[in-house]
There are 2 protein chains.
Amino acid sequence: MQSKITKILKAIADPTRREIFHALVVAATAMPITQISGQFAISRQGITKHLKTLEDAGLIQIQTKGRERFCLADPLPLQEVNHWLKFYERFWDDTLQNLSSYLDNKA
Amino acid sequence: MQSKITKILKAIADPTRREIFHALVVAATAMPITQISGQFAISRQGITKHLKTLEDAGLIQIQTKGRERFCLADPLPLQEVNHWLKFYERFWDDTLQNLSSYLDNKA
DNA sequence: TATATTTGCAACCATATAGTTGCATATTAA
DNA sequence: TTAATATGCAACTATATGGTTGCAAATATA
């Protein structure tokens, strides 16, 4: 099984999925699948697959209501990516300690 | 062609590539391919492919010296991931404005 | 010079991924 | 009740991905 961080990174590595996710975030409300797929050129089933990947990564939540399935964005898991990045931040942020001082602290 | 951000995200979405990259970062020095591959269970050619992906994403630089090819980590492109994340940060950081205020500003 | 080391290239394999279409089913509306 | 809508499931396709092995070429060492 893939790790959580791997699932999240793979989910956002696809440009179409990033678009879907972003659309859901700015919509700021749950949207049924057909409505989402109406905004994209690919088929509904293609969208459904992407939604599944996003759901597995925890980036969206899906709730069934009647015949519809409402998708809601949940950006919280992106915190994990942010945390992963944190270590490397020192390399582009001059205000942070650089690598050599990290290595010094480790020794 | 894939966008820069897509290349970077795909590069770090693979756990083996994250490991290779991290090893090069903490090594803080250029390492020849054979030396890198010695630290992993997969074949040298497998490593070479991963290095190519990392190089295409700009996350490592490779320099030939004699028969050896020295790989050096370059975390700078991760800044792009950081920038992409920035927009969603408000959802996990309470000190930032929330989505509704973003939407208000947009209106 | 002969040998060992480092590497690239090419072919190959299995599986994952991104997409499609067709059809059945459940729910809602006329 | 009949028709329209929203969805899932399954099969299929093409290409990408992560890995392997064998071999040739370039460079360094004995």
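Convention: sequence-line order gives letters A, B, ...; per-chain numbering from 1. Side chains are part of it too, since the values below use all heavy atoms of this structure and drop only hydrogens, waters and symmetry mates.
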| query | Is any side-chain N of the basic residue among Lys86(A) and Glu89(A) closer than 4.0 Å to the acidic one's carboxylate O? | reply | yes
Could you please name the option among [options] that lies closest to any side-chain atom of [X]?
X: Ile42(B); options: dT20(C), dT20(D), dT7(D); answer: dT20(D)
X: Arg44(A); options: dT7(D), dT7(C), dG19(C); answer: dT7(D)
X: Glu68(A); options: dA11(C), dT7(D), dA11(D); answer: dT7(D)

Could you state the atom-to-atom distance from [atom1] of [X] to [atom2] of [N] in whole Å?
X: Phe70(B); N: dT27(D); atom1: CZ; atom2: C1'; answer: 13 Å
X: Leu51(B); N: dT7(C); atom1: CG; atom2: C1'; answer: 12 Å
X: Ile20(A); N: dA18(C); atom1: CD1; atom2: P; answer: 11 Å
X: Ile33(B); N: dT5(C); atom1: CD1; atom2: C1'; answer: 13 Å
X: Gln63(A); N: dA6(D); atom1: CD; atom2: C1'; answer: 16 Å
X: Lys52(B); N: dG19(D); atom1: NZ; atom2: P; answer: 17 Å
X: Gln2(A); N: dG18(D); atom1: CD; atom2: P; answer: 10 Å
X: Ile12(A); N: dT17(C); atom1: CD1; atom2: C1'; answer: 17 Å

Please tell me if [X] has a side-chain N or O lying less than 4.0 Å from either OP1 or OP2 of [N].
X: Ser43(A); N: dG19(C); answer: no
X: Arg67(A); N: dG8(D); answer: no
X: Thr34(A); N: dT7(D); answer: yes
X: Arg69(A); N: dG8(D); answer: yes

| query | Has the side chain of Gln45(A) got a donor or acceptor atom sitting under 3.5 Å from an opposite partner on the base of dG8(D)? | reply | yes
| query | Can you tell me if Arg18(B) uses its side chain to pair, donor with acceptor, with the backbone of Ile12(B) under 3.5 Å? | reply | yes
| task | Look at all strands and tell whether Gly46(B) reaches a base, only sugar-phosphate, or nothing, counting heavy atoms closer than 4.0 Å. | result | base
| request: Name the nucleic acid region contacted by Thr53(A), choosing base, sugar-phosphate or nothing; use a 4.0 angstrom heavy-atom cut-off, strictly under. | output: nothing
| field | Pair Tyr88(B) and His22(A), ring centroids less than 6.0 Å apart | value | yes
| query | Of Lys10(A) and Ile47(A), whose nearest nucleotide on DNA chain C comes first from the 5' end? | reply | Lys10(A)
| query | Within a strict 4.5 Å, meaning less than it, do heavy atoms of the Ile33(A) and Arg44(A) side chains meet? | reply | yes
| message | Are Leu78(B) and Phe87(A) packed together at the side-chain level, in the sense that at least one heavy-atom pair is separated by less than 4.5 angstrom? | response | no
